[in-house]
Novice: 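The structure under discussion is supplied below as structure tokens; questions concerning it will follow.
For ligands, and for the atoms within them, numbers begin at 1 and follow the listed sequence.
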Amino acid sequence: MPAMFRTVERTAGGVRLLDQRRLPGEACYVECRTPREVVEAMRAMVVRGAPAIGVAAAYALAMGASGERSRSAADFARGWAEICATVEAARPTAVNLRWAVRRMDRVARDLLEGGVAVDEVVRRLEAEAASIEAEDLAACRAIGRHGADLVPDGATVLTHCNAGGLATAGYGTALGVVRGAVEAGRRLRVLADETRPLLQGARLTAWELMQDGIETVVIVDGAAGSLMQRGEVQLVVVGADRIAANGDVANKIGTYPLAVLAREHGIPFYVAAPLSTFDPHCPDGAGIPIEQRDPDEVVSFSGQRVAPPGVGVFNPAFDVTPARLISAIVTDRGVARPPLAAALAAQLATVGASPTDASPTERP
Ligand code: MRU
């Protein structure tokens, strides 16, 4: 049932990324040979989506460690710290990136402090990165199972950006809910916001859902309100780049207005994300850093300049939806309903210390 493509893969010589800039026109790959090349690929949106960049970061670190394997433990530790800092700085908003770096870093430090040989440290880092990928796929499938019952039979589901298999290790978060509902026998149709300026909805969400034979209709971002007003949307489900302790959610720019519209029209607004997207160290959305991207993304279309030279441009990649507008957050642990702060804290408690401690706001 889910589209079978690998977004991120560790190869013998590097990290292979499905080039999402070229979809849906062609499915081709970029082979990165250094951690810095992976960082550049993240910034260029070859690989994008919070969980997918977490997986790419983990493999970038494994590759970087492998390149340092012939060094002494002290030199390895110095090189490792530099690689971690470089990868962590790739994009600021999606906390999965820092979560993955921190998790890998903890493995390396514990082993080095325990006197484990560099070769063995490298082997364990490769295994940890593979676990991060496998766990993300499992988390997405769990999100699909937990979220399936939120989708009534015959529903039209509105989504924004791409929170699908392409944005994760596979299956997806928001699209995981869609896939879970289809697997549970629901008939549904998806409205995919085109998602200006980089068109992740029109290009990526439409591409991967059509591969699965799920009915998909692309709309311009501004059409959502009118469709809700006409009773043509039964629920909204989106992904997340970072969820603060109080349940505020950062996601692709244009998510917040959808939540406002959904509230106005009495439509449930759901967020789907694995626990690796939680940042319990960030008390609320005001503390989430928002990536500002190149103005050219807004004033150019298909390589053609569409706005007058010299005009001002505001191009934030993400916005923050306040917890009070969110009907529920579907995670790999279940469905968290308001009050979200308490529900999320309870879910985090069930997994012990790992997600909490692995996603600090700062590295020591
Ligand atoms: O800038 P992008 O394409 O990386 O933004 C992606 C999103 O906003 C997704 O909705 C989010 O990362 C969740 S992906 C499961």
Novice: Honestly curious: do Val249 and Ile267 fall in one hydrophobic cluster under the side-chain, below-4.5 Å linking rule?
Specialist: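 Per the 4.5 Å side-chain linkage, Val249 and Ile267 are co-clustered.
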
Novice: Compute the shortest N/O to N/O distance between Ala167 and ligand 1 and return yes if it is under 3.5 Å, no if not.
Specialist: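 Looking only at distances, the answer is no, because the N/O contact criterion of under 3.5 Å is not met.
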
Novice: Within less than 4.0 angstrom of ligand 1, does Pro51 place any heavy atom?
Specialist: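 Distance cut 4.0 Å: Pro51 passes for ligand 1.
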
Novice: Using the rule given for salt bridge (Lys or Arg N to Asp or Glu O under 4.0 Å), can you reason through Arg43 versus Glu40, listing the C-alpha separation, both sets of side-chain angles and the distance that settles it, and then say yes or no?
Specialist: CA-CA 5 Å; Arg43 291 192 177 135; Glu40 280 157 16; over 6 Å; no

Novice: For atom 15 (C) of ligand 1, what's the nearest protein heavy-atom neighbour? Residue, atom name and distance, please.
Specialist: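 I find the closest protein heavy atom is Thr173 OG1, 3.1 Å.
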
Novice: Just which atoms of ligand 1 are under 4.0 Å from any heavy atom in Gln200?
Specialist: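 In order of number, 1 (O), 2 (P), 3 (O).
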
Novice: Using a 4.0 Å heavy-atom cut-off, say whether His160 meets ligand 1 through its side chain, its backbone, both or neither.
Specialist: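 For His160, no heavy atom sits under 4.0 Å from ligand 1.
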
Novice: Side-chain contact test, heavy atoms from C-beta onward, threshold under 4.5 Å: evaluate it for Glu133 versus Val8 and give yes or no.
Specialist: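 They are not in contact (no side-chain heavy atoms under 4.5 Å apart), so the answer is no.
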
Novice: Out of curiosity, Glu126 CD to Leu61 CG, how far, rounded to the nearest 0.5 Å?
Specialist: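 Between atom CD of Glu126 and atom CG of Leu61 there are 10.5 Å.
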
Novice: Distance under 4.0 Å to a non-hydrogen atom of Met45: what atoms of ligand 1 satisfy this?
Specialist: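 Numbered from 1, ligand 1 contributes 1 (O), 2 (P), 3 (O).
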
Novice: If every non-hydrogen atom of Leu258 is compared with every non-hydrogen atom of Met228, which pair is closest and at what distance?
Specialist: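 In this case the closest contact between Leu258 and Met228 is O-CE, 4.0 Å.
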
Novice: Does an N or O from Arg48, backbone or side chain, lie closer than 3.5 Å to an N or O of ligand 1?
Specialist: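 For ligand 1, there is an N or O atom that lies under 3.5 Å from one belonging to Arg48.
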
Novice: Using a 6.0 Å cut-off, check whether atom CD of Glu82 has over 12 heavy atoms from anything other than its own residue.
Specialist: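 Check fails, neighbour count at 12 or below.
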
Novice: Quickly, which of Thr205, Asp193, Asn251 forms a side chain to side chain donor-acceptor pair (under 3.5 Å) with His160? Name it, please.
Specialist: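 Going through Thr205, Asp193, Asn251 one by one, the side chain to side chain donor-acceptor pair (under 3.5 Å) with His160 is satisfied by Asp193 alone.
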
Novice: Decide whether Asn162 and Arg48 meet the rule of one side-chain donor and one side-chain acceptor closer than 3.5 Å.
Specialist: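 Indeed, the side chains of Asn162 and Arg48 share at least one donor-acceptor pair under 3.5 Å.
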
Novice: Out of all atoms in ligand 1, which are within 4.0 Å of some heavy atom of Thr168? Include the element for each.
Specialist: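 Counting from 1, the qualifying ligand atoms are 15 (C).
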
Novice: Would you mind running through ligand 1 and noting each atom that sits below 4.0 Å from a heavy atom of Ala163?
Specialist: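 Within the 4.0 Å cut-off of Ala163, ligand 1 contributes 14 (S), 15 (C).
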
Novice: Out of all atoms in ligand 1, which are within 4.0 Å of some heavy atom of Arg91? Include the element for each.
Specialist: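 Every atom of ligand 1 under 4.0 Å from some heavy atom of Arg91: 1 (O), 2 (P), 4 (O).
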
Novice: Going only through I, L, V, M, F, W and Y residues with side-chain contacts under 4.5 Å, is there a path from Met42 to Trp99?
Specialist: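 Met42 and Trp99: one cluster.
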
Novice: Would Lys252 count as being in polar contact with ligand 1, using the rule that some N or O on each side must be under 3.5 angstrom apart?
Specialist: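 Yes: some nitrogen or oxygen of Lys252 is under 3.5 Å from one in ligand 1.
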
Novice: Check Arg196 with Asp221, please: is the shortest side-chain N to carboxylate O separation under 4.0 Å?
Specialist: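 A salt bridge is absent here (no side-chain N lies under 4.0 Å from a carboxylate O).
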
Novice: In Å, rounded to the nearest 0.5 Å, how long is the span from CG of Leu199 to CZ of Arg21?
Specialist: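 CZ of Arg21 is found 15.0 Å from CG of Leu199.
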
Novice: Just let me know how Cys161 lines up against ligand 1, side chain, backbone, both or neither, with a heavy-atom cut-off below 4.0 Å.
Specialist: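 Side chain only.
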
Novice: Please determine if Gly239 has a nitrogen or oxygen closer than 3.5 Å to a nitrogen or oxygen of ligand 1.
Specialist: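 Among all N and O atoms of Gly239, none is under 3.5 Å from an N or O of ligand 1.
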
Novice: What are the atoms of ligand 1, with element, lying closer than 4.0 Å to any heavy atom of Ala50?
Specialist: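 So the atoms of ligand 1 that pass are 12 (O), 14 (S).
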
Novice: For ligand 1, which atoms have a heavy atom of Asn251 less than 4.0 angstrom away?
Specialist: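 Matching atoms, with element in brackets: 7 (C), 8 (O), 9 (C), 10 (O), 11 (C).
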
Novice: I want to confirm something. Looking only at heavy atoms, which of Asp136, Thr277, Leu204, Asp241 is nearest to atom 11 (C) of ligand 1?
Specialist: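 Considering heavy atoms of Asp136, Thr277, Leu204, Asp241, the nearest to atom 11 (C) of ligand 1 sits in Asp241.
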
Novice: Starting from atom 13 (C) of ligand 1, which protein heavy atom do you reach first, and at what distance in Å?
Specialist: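 Looking only at protein heavy atoms, the one closest to atom 13 (C) of ligand 1 is Ala240 O, 3.4 Å.
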
